[in-house]
Amino acid sequence: IISSNTPPSHPCCIDESYKYIFLPICYSFTFIFSILLNSVVLFRSFRQTKRWNASLIYMVNLASTDFMYGLSLPFLVASYIMRDRWIFGDFMCRLVRFLFYFNLYCSIFFLTCISVHRYLGICHPMKVITLETKKAVKCTCVLVWIVVFALTCPIFRFAQTGHYQNCWDDAIDKEFPDYVPYGIILHLLGFFVPFSIIAWCYSHVVLTIFRTLNGLSRRKSIKTIITITLLFALCFFPFHVTRTIFLLLKVTNRVPCHTMTMVSMCYKITRPLASFNAWLNALLYFLTKDKGGAHCCQIVNSNSRQHAGLLLPLRMMGKGEDPEEGGMDDGIDNKENKAFHNSPSYMKRAKVRYIVE
């Protein structure tokens with residue numbers, strides 16, 4: 001089977017029959033679970049709109065983009081079932097390809113925002129109090145949507161239906177040399193830079209936890225962080241590495257056919273991994289919201305009611321707090337909160353890192 005996406009410079013016969021079974025199964029699985037789990041997250045969140053805090057605002061935006069990501073998948077499933085035949089028209093081809101990458105990178109950027117929020121809350125709690133207001137978080141979310149739209153809108157121009165009624169994922173042959181520089185820049189700014197930020201933030205969080213926690217609390221907190229980082233890397237890293245290599249090889253002359261075949265197969269196989277994050281985000285939310293309680297971050301004085309109310313555990317290292325609980329601010333009296341923030345003991349205990357919502 002000759003790959004429809006292979007330019008004339010690579011007259012290789014690449015057997016892609018595997019993708020007509022593998023990809024529809026993976027995308028159908030992702031579609032069902034992303035729609036189901038993210039719908040529950042959004043429903044529970046919007047029931048408690050008056051109790052939203054910074055973490056939950058990020059979580060709602062993340063769940064929204066994952067939900068929209070899932071909506072674009074049925075068109076791809078249908079196309080692969082029909083062996084790359086596209087029957088939905090040129091505009092829908094451009095729209096579906098755009099939504100695929102737009103929601104993919106929105107998800108990555110919101111996960112990056114959450115990791116920065118965790119880092120500030122644990123390593124610089126006083127900055128969280130002064131800088132991370134709800135207004136600032138909402139503005140950050142709007143900025144993310146705008147930046148990701150600017151990064152991915154060229155996809156709407158490059159993606160189009162070909163002569164064989166297929167929907168090109170990148171660009172047609174004559175426009176492919178123009179697409180490759182854009183594709184690589186998109187990978188760098190859309191994934192590799194955010195991944196570096198996430199790795200840097202969580203590495204500092206782990207070091208802080210080592211200095212401030214002991215025993216079971218430290219092990220559970222670090223285990224949660226490692227799980228999130230590994231899932232992020234597993235979902236996005238193989239896809240972006242193999243796709244970058246794939247784009248470069250397609251514009252390189254005299255590439256051995258077996259090399260092109262192997263890279264193409266790796267790219268097609270790792271592509272569904274990127275879609276798994278659309279439901280893994282929500283799954284982590286449900287798995288961590290009830291298990292990351294007081295054991296994750298012990299307070300200095302557990303007998304103090306004020307301290308217990310003001311120190312938020314690392315309970316939502318994967319996501320925001322339980323929307324039905326409404327975060328920490330709704331569990332204590334506002335006057336007590338302000339009084340404790342202004343007390344010398346609070347300033348002193350700022351050395352003990354924790355998340356303040």
### Query
How far apart are the C-alpha atoms of Phe75 and Phe88, what are their side-chain angles, what is the distance that settles it, and do they pass the ring-ring contact (aromatic ring centres under 6.0 Å, His included) test?
CA-CA 8 Å; Phe75 296 95; Phe88 305 106; 5.2 Å; yes
### Task
May I have all residue pairs that pass disulfide (SG to SG under 2.5 Å) and include part of residues 15-47, sequence neighbours excluded?
none
### Query
Do the ring planes of Phe191 and Phe232 sit parallel (below 30°), tilted (30 to 60°) or perpendicular (above 60°)?
parallel
#### Entry: Ring centers of Tyr105, Phe109 separated by less than 6.0 Å
no
### Message
Please identify which of these residues, Leu62, Thr140, Val137, meets the side-chain contact (heavy atoms from CB on, under 4.5 Å) condition with Ile57.
### Response
Val137
### Aromatic ring proximity, centroids under 6.0 angstrom, Phe31 and Tyr27
no
### Message
Taking the ring centre of each residue, are Tyr69 and Phe100 less than 6.0 Å apart?
### Response
yes
### Task
Classify the angle between the aromatic ring planes of Phe102 and Phe98 as parallel (below 30°), tilted (30 to 60°) or perpendicular (above 60°).
parallel
### Query
Say you draw a straight line from SG of Cys106 to CG of Asn61; how long is it, rounded to the nearest 0.5 Å?
9.0 Å
### Message
Under a plain distance cut-off of 3.5 Å, with no hydrogens placed, do Asn281 and Asp66 share a side-chain donor-acceptor pair?
### Response
yes
### Query
Is Asp169 paired with Arg271 through a side-chain N to carboxylate O contact shorter than 4.0 Å?
yes
### Ring center gap for His240 and Phe195 short of 6.0 angstrom
no
### Query
Under 6.0 Å between ring centres, would you say that holds for Trp145 and Phe110?
yes
### Query
Under 30°, 30 to 60°, or over 60°: which ring-plane class applies to Tyr182 and Tyr179, parallel, tilted or perpendicular?
perpendicular
Could you list the donor-acceptor pairs under 3.5 angstrom formed by side chains in residues 148-158, with sequence neighbours left out?
{"unit_1": "Thr152", "atom_1": "OG1", "unit_2": "Val148", "atom_2": "O", "d": "2.8"}
{"unit_1": "Arg157", "atom_1": "NH1", "unit_2": "Glu175", "atom_2": "OE1", "d": "2.9"}

### Task
Grab the two heavy atoms, one from His187 and one from Leu247, that are nearest each other, plus how far apart they are.
CE1-CD1, 3.9 Å
### Message
The criterion is disulfide (SG to SG under 2.5 Å); which residues satisfy it with Cys93, sequence neighbours excluded?
### Response
Cys167
### Message
Between Asp170 and Arg97 (salt bridge meaning N to carboxylate O under 4.0 Å), is one present in this structure?
### Response
no
### Task
Grab the two heavy atoms, one from Gly89 and one from Trp86, that are nearest each other, plus how far apart they are.
O-NE1, 2.8 Å
